[in-house]
Amino acid sequence: IKLEKRNALIEEQKKDIEDSIIYAGRIQQAMLPFIPDNPTKEEIPQYLVDNIKEGCIIHKPKDIVSGDFYYTNITPDGKVILLVGDCTGHGVPGAFMSILGNSLLNEVINEKGISEPHWILEELRSKIISTLNQKGEFGESRDGMDMALCVIDKNKGSLFFAGAYNPLYLIRKGELLEYKADSQPVGYHTGELKPFTQIEIQMEEGDAFYIFSDGYADQFGGPKGKKFMTKRFKKLLVEVSDKHMNDQREILIDTIVKWMEEGNEEQIDDICIMSFR
């Protein structure tokens, strides 16, 4: 009888925890600009409809809540900001960091009026270090974020990019061009805190851009239970790049699901990909 009571108590506690995480997942989802699994025109911000020919999001958490997140915004002078962030950890700890990142981004962009990608990352890094009290002391939080950040300036016909570990891929006329990120996170770093680098790209008709976390390429699966790998990810993007972004999304999701099933593997990390033309 005691064992039955103990099991019942454990089941009740488990349900309470799961219910709390599911509710947290709803809160996190509400912060994202549209529902990624079935976006309608009404759910997509008008500034994206006005400024991007096509676009899609893949947001596939490992657990109910995610350490990967995406962010969009527009400045008063019409610059469109697009970002994918990959926070330390996944699940609940990662979700806490993603909510912090979203909040601080709004502060940096909306309140401080910063719109250059490298300055956004530097200001965000400063705020994360300050908020988490990161001083490099033993035992303190080393949480941070990897990011890929794009700012579209249609008046100049340019896209500006800055990244923290995570690169930008541009596919132009069937060729993939990679713009590398700085090898430092947005957060405390044991090495020297260097300025982030900004890259300007003159946009051309038909250009397809991709920013993402490392979850897709790092996923185990396939016949030998190996990682999908960056090389295979790049090849897949080039193969699908001429298709409509919505069709690309379906192919990318279908490919990684089949990859996991073929190797009988569980998802090991959050996955987030933002693509736009």
Centroid-centroid under 6.0 Å between Y179 and Y169 rings: no
Applying side chain to side chain donor-acceptor pair (under 3.5 Å), run through D153 and S158 and close with a yes or a no. CA-CA 5 Å; D153 188 337; S158 294; over 6 Å; no
Hey, quick one: are Y165 and Y216 part of the same hydrophobic cluster, counting side-chain heavy atoms closer than 4.5 Å, chains of contacts allowed? no
Residue pairs meeting salt bridge (Lys or Arg N to Asp or Glu O under 4.0 Å), one or both in residues 158-170, sequence neighbours left out, come to none
Apply side-chain contact (heavy atoms from CB on, under 4.5 Å) to residues I114 and I109 and explain how you reach the verdict. CA-CA 5 Å; I114 299 173; I109 295 165; 5.8 Å; no
Is there a side-chain contact (heavy atoms from CB on, under 4.5 Å) between Q248 and I251 once you walk through the steps? CA-CA 5 Å; Q248 291 187 36; I251 293 168; 5.8 Å; no
May I ask you to test the D269-F220 pair for a side-chain heavy-atom distance under 4.5 Å? no
Does N73 form a side chain to side chain donor-acceptor pair (under 3.5 Å) with N110? I'd like the steps, not just the answer. CA-CA 9 Å; N73 205 338; N110 296 339; 2.9 Å; yes
Is any side-chain heavy atom of V240 closer than 4.5 Å to one of D247? no
If you group Ile, Leu, Val, Met, Phe, Trp and Tyr by side-chain heavy-atom gaps below 4.5 Å, do F161 and I152 land in one group? yes
Atom pair CG/CG of L149 and L168 - distance to nearest 0.5 Å: 10.5 Å
Could you tell me if the side chain of P61 sits less than 4.5 Å from the side chain of D68, heavy atoms only? no
When you measure from the side chain of E54 to the backbone of M245, do you find a donor-acceptor pair of N or O atoms at a distance under 3.5 Å? yes
Is K62 salt-bridged to E266, going by a charged N under 4.0 Å from an acidic O? no
Apply side-chain contact (heavy atoms from CB on, under 4.5 Å) to L170 and L176, showing your working. CA-CA 6 Å; L170 159 60; L176 188 146; over 6 Å; no
Search all heavy atoms of A95 against all heavy atoms of S98 and return the closest pair with its distance. O-OG, 2.8 Å
Would you please name every residue forming a salt bridge (charged side-chain N to carboxylate O under 4.0 Å, His left out) with K156, sequence neighbours left out? none
Under the salt bridge (Lys or Arg N to Asp or Glu O under 4.0 Å) definition, can you give me all pairs with a residue in residues 219-228, not counting sequence neighbours? D218-K227
How about CG on D254, more than 12 heavy atoms from neighbouring residues, nucleotides or ligands closer than 6.0 Å, or not? yes
Rounded distance [0.5 Å steps], CD in E261 versus CD1 in I256: 11.0 Å
If you compare all heavy atoms of C150 against all heavy atoms of I211, which two are closest, and at what distance to 0.1 Å? SG-CG2, 3.9 Å
Residues in side chain to side chain contact (heavy atoms under 4.5 Å, CB included) contact with N51, at least two apart in sequence or another chain: Y47, I74, V80, K154
For a quick test of reading the model, state the closest non-hydrogen atom pair linking H118 to A162 and the distance between them. N-CB, 3.7 Å
Does a side-chain heavy-atom distance below 4.5 Å link D86 with D270? no
Please check this pair: side chain of R249 against backbone of I57, looking for a donor-acceptor N/O pair closer than 3.5 Å. yes
Between S126 (side chain only) and E123 (backbone N and O only), is there a donor and an acceptor less than 3.5 Å apart? no
Report whether I271 and L237 are members of the same hydrophobic cluster (ILVMFWY, side-chain heavy atoms less than 4.5 Å apart, transitive linking). yes
Go through the steps for N246 and E250 under the test side chain to side chain donor-acceptor pair (under 3.5 Å), then give the verdict. CA-CA 7 Å; N246 289 339; E250 288 184 18; over 6 Å; no
Closest contact, heavy atoms only, D242 versus R277: C-NH2, 4.3 Å
Using a 3.5 Å distance criterion without hydrogens, assess whether the side chain of D182 forms a donor-acceptor pair with backbone atoms of T197. yes
Taken to the nearest 0.5 Å, the spacing of L100 CG from K127 NZ works out to 10.5 Å
Are the side chains of L82 and I52 in contact, using a 4.5 Å heavy-atom criterion? yes
Here's a test for you: under ring-ring contact (aromatic ring centres under 6.0 Å, His included), which of Y70, Y71, F212 qualifies with H59? Y70
Run the side-chain donor-acceptor check on residues 228-236: report pairs under 3.5 Å with partners two or more places apart or on a different chain.
| unit_1 | atom_1 | unit_2 | atom_2 | d |
| --- | --- | --- | --- | --- |
| R232 | NH1 | F228 | O | 2.5 |
| K234 | NZ | E178 | OE1 | 2.7 |
| K235 | NZ | E239 | OE2 | 2.7 |

Audit row: E107, K112, salt bridge (charged side-chain N to carboxylate O under 4.0 Å, His left out) steps and yes/no: CA-CA 7 Å; E107 192 177 318; K112 292 208 164 190; over 6 Å; no
Can you measure from CG (L124) to CD1 (I128) and round to the nearest 0.5 angstrom? 4.0 Å
Close side-chain approach of L159 and V151, heavy atoms under 4.5 Å: no
Less than 4.5 Å apart, any side-chain heavy atom of M274 and any of T72? yes
Atom CD of E205: over 12 foreign heavy atoms under 6.0 Å: no
Contacts of T75 that satisfy side chain to side chain contact (heavy atoms under 4.5 Å, CB included) - sequence neighbours left out: D77, K79, I81, S115
Shortest non-hydrogen contact from E122 to F196? OE2-N, 3.0 Å
Closer than 3.5 angstrom, by distance alone: can the side chain of S103 be matched with the main-chain N or O of I99 as a donor-acceptor pair? no
Atom CE in M97, atom CE in M145: separation rounded to 0.5 Å? 4.0 Å
To the nearest 0.5 Å, how far apart are SG in C56 and CD1 in I273? 8.0 Å
Quick one: does V84's side chain get under 4.5 Å of F69's, heavy atoms only? no
Is there a donor-acceptor contact under 3.5 Å from the side chain of S241 to the main chain of V238? yes
Please determine whether side-chain contact (heavy atoms from CB on, under 4.5 Å) holds for the pair M203 and F209, giving the CA-CA distance in whole Å, both sets of side-chain angles, and the decisive distance to 0.1 Å. CA-CA 10 Å; M203 296 183 293; F209 296 92; 4.1 Å; yes
Q267 side-chain N/O to K60 backbone N/O, donor-acceptor pair under 3.5 Å: yes
Closest non-hydrogen atoms of A164 and A181, given as atom of the first, atom of the second and distance, are N-CB, 3.8 Å
Any sub-3.5 Å donor-acceptor pair from Q184's side-chain atoms to K194's backbone N or O? yes
